[in-house]
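Throughout, a chain's letter reflects where its sequence line sits, starting with A, and its residues are numbered from 1.
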Amino acid sequence: MGTLSTPLISLPIQANPEAPTVKSDNRNRLVFSLIEQCTSLRHLKQVHAHMLRTGLFFDSYSASKLFTASTLSPFSSLEYARKVFDEIPEPNLYTWNTLIRAYSWSTEPSESVRNFLRMLCESPYFPNKFTFPFLIKAATKLSRLGVGQVFHGLVVKSSFGDDVFILNSLIHFYASCGDLDLAYRVFVRISEKDVVSWNSMISGFVQGGCFDKALELFRELEAENVKPNAVTMVGVLSACTKKKDLEFGRWIRLYIEQNGIKMDLTLSNAMLDMSYLIMTWLPMWVTLVCKIYV
DNA sequence: GTAGGGTTAG
């Protein structure tokens, strides 16, 4: 298998990219593998140049591979990714979604919405189940209730109203906009809730200052035999801390130990916050952090 | 043919 230590210039140029063969499939796989191995923008640009020379870039699936790397790689920039996207003659739906996702994570979430509208106008594609979580994420970052509600309407009209990923995004969106009533209405209508549904609603209640409702929901989760995880416990601990409910906080500490909830840094920090209220927790927190990181 | 959601405080 080739590596980036092999100069890309040594790769033979495919004479006719329009005629796929077993040999060309192997060549494509080599290029995809090189994309995955890129460790700098310079490497990625080398692969990009090679794909332009061989014509591989003009295959929409191959172009999507390069574009995804240009948006996800820690060394890349959205500016370069955007240039890559603009060169793709006919971006497929996956590539459009990747562009919308990239902007939803960025400091320009409005570009996510703008490019979604471009996709509707300029491409033959309609949004799919992957498009909406990115759009709702952008609306959440924009804190625009009206924008998110438009997406919610589209979700229902597009028959994705049962998709738990999309509905969980909507719970988080409505709670972030401060509309806990709408968030809860989405939550109760999910027919097959998963742990993220519960976590989204519990943390939504905590962020909205409804600590009792958060703890009540945790008891409901228990009654429904849903297995909580570290994120659930961060929400519940946060509610106890803010409510200064030491008794429930102690119970939660035991619950985490007895149920083998996997500790991570965020949960350790949430326990530390609680430990300011219960100083006896401090030695335990230090021990836990040492176990994880030392 | 590739993919999507939730977490602490400061």
Side-chain angles (χ1 to χ4, degrees), chain A residues 20 25 28-29 32-33 35-36 59-72 91-102 104-105 112 116 125 127-141 148 151-152 155 158 160 162-176 183 186-187 190 192-207 211 214 217-218 221 226 228-242 249 252 256 261-277 281 285 288-289:
Chain A
D25 278 354
N28 295 354
R29 271 197 286 273
F32 299 158
S33 166
I35 291 173
E36 284 169 12
D59 164 61
S60 65
Y61 178 77
S62 306
S64 78
K65 289 278 188 189
L66 181 79
F67 180 63
T68 302
S70 75
T71 63
L72 291 181
N92 60 20
L93 181 55
Y94 174 90
T95 305
W96 277 105
N97 283 344
T98 305
L99 180 71
I100 293 165
R101 173 177 62 170
S104 76
W105 289 350
S112 193
F116 169 64
Y125 305 114
N128 65 3
K129 63 176 183 175
F130 297 104
T131 318
F132 286 107
F134 306 141
L135 290 172
I136 295 163
K137 174 88 170 174
T140 306
K141 285 187 82 172
F151 294 145
H152 192 172
V155 165
S158 312
F160 295 123
D162 292 327
D163 188 294
V164 74
F165 278 71
I166 297 173
L167 294 172
N168 291 345
S169 302
L170 283 168
I171 294 172
H172 179 62
F173 162 72
Y174 283 125
S176 293
V186 174
F187 173 77
I190 301 178
E192 292 191 18
K193 300 177 186 65
D194 63 13
V195 70
V196 179
S197 317
W198 291 88
N199 292 350
S200 304
M201 198 61 246
I202 288 172
S203 59
F205 277 139
V206 175
Q207 281 158 19
F211 311 126
L217 206 60
F218 175 69
L221 167 149
V226 178
N229 62 15
V231 180
T232 323
M233 304 323 292
V234 168
V236 175
L237 271 174
S238 180
C240 292
T241 306
K242 285 174 175 160
I252 290 295
I256 289 169
I261 308 280
K262 202 177 170 206
M263 292 295 294
D264 60 18
L265 185 60
T266 308
L267 183 52
S268 299
N269 285 342
M271 288 182 83
L272 178 63
D273 291 332
M274 191 74 195
S275 77
Y276 283 120
L277 292 177
W281 281 27
W285 180 82
L288 281 168
V289 171

If you compare every side-chain N and O of A:Ser238 against the phosphate oxygens of B:dA9 (OP1, OP2), does one of them come in below 4.0 Å? yes

Would a line drawn from the ring center of A:His152 to the ring center of A:Phe173 be shorter than 6.0 Å? no

From CG of A:Leu93 over to P of B:dG1, roughly how many Å is that when rounded to an integer? 13 Å

Hey, could you give me the OG/CG distance between A:Ser104 and A:Leu135, rounded to the nearest 0.5 Å? 8.0 Å

Applying a 4.0 Å non-hydrogen cut-off, can you work out what A:Val164 is touching in the nucleic acid: base, sugar-phosphate, or nothing? base

Could you work out which one of B:dG4, B:dT7, B:dA3 sits closest to the side chain of A:Ser203? B:dT7

Length of the CG-P vector between A:Asn128 and B:dA3, whole Å: 12 Å

Has A:Tyr94 got its ring stacked on B:dT2, by the test of a centre gap below 5.5 Å and a plane angle below 30°? yes

Categorize A:Glu36 for me: base, sugar-phosphate, or nothing, with a 4.0 angstrom heavy-atom threshold over every strand shown. nothing

Cation-pi between A:Lys242 and A:Phe211: NZ/CZ under 6.0 Å from ring centre and within 45° of the ring axis? no

Please state how far atom NZ in A:Lys129 lies from atom C1' in B:dG4, giving the value in whole angstrom units. 9 Å

Whole angstroms only, please: what is the CE-C1' distance between A:Met201 and B:dT7? 15 Å

Nearest whole Å is fine: how far is B:dT7 P from A:Ile256 CD1? 17 Å

Give A:Thr266 one of three labels, base, sugar-phosphate or nothing, depending on what nucleic acid heavy atoms sit under 4.0 Å from its own. base

Integer-rounded Å distance: B:dA3 P and A:Phe130 CZ: 7 Å

Considering every strand and a 4.0 Å limit on heavy-atom distances, what is the contact class for A:Phe134: base, sugar-phosphate, or nothing? sugar-phosphate

Minimal non-hydrogen separation, A:Gly249 against A:Met274, with atom names: CA-CE, 3.4 Å

Under 4.0 angstrom, heavy atoms only, what part of the nucleic acid is A:Ile202 near: base, sugar-phosphate, or nothing? nothing

Looking at A:Asp162, I want to see if its CG is surrounded by more than 12 non-hydrogen atoms of other residues, nucleotides or ligands under 6.0 Å. no

Categorize A:Lys137 for me: base, sugar-phosphate, or nothing, with a 4.0 angstrom heavy-atom threshold over every strand shown. sugar-phosphate

Whole Å only: how far is the CG atom of A:Asp194 from the C1' atom of B:dG4? 12 Å

Measuring centre to centre across the rings, with the benzene-like ring taken for any Trp, is A:Trp96 within less than 6.0 Å of A:Phe116? no

Spacing of A:Asp273 atom CG relative to B:dG10 atom P, expressed in whole Å: 7 Å

Among B:dG1, B:dT7, B:dG4, which is the nearest nucleotide to the side chain of A:Phe32? B:dG1

Check this one for me: any side-chain N or O of A:Lys242 less than 4.0 Å away from OP1 or OP2 of B:dA9? yes

It should be established whether A:Arg101 places a side-chain nitrogen or oxygen under 4.0 Å from OP1 or OP2 of nucleotide B:dA3. no

Regarding A:Ser64, tell me which of base, sugar-phosphate or nothing describes its non-hydrogen contacts under 4.0 Å with the strands shown. base

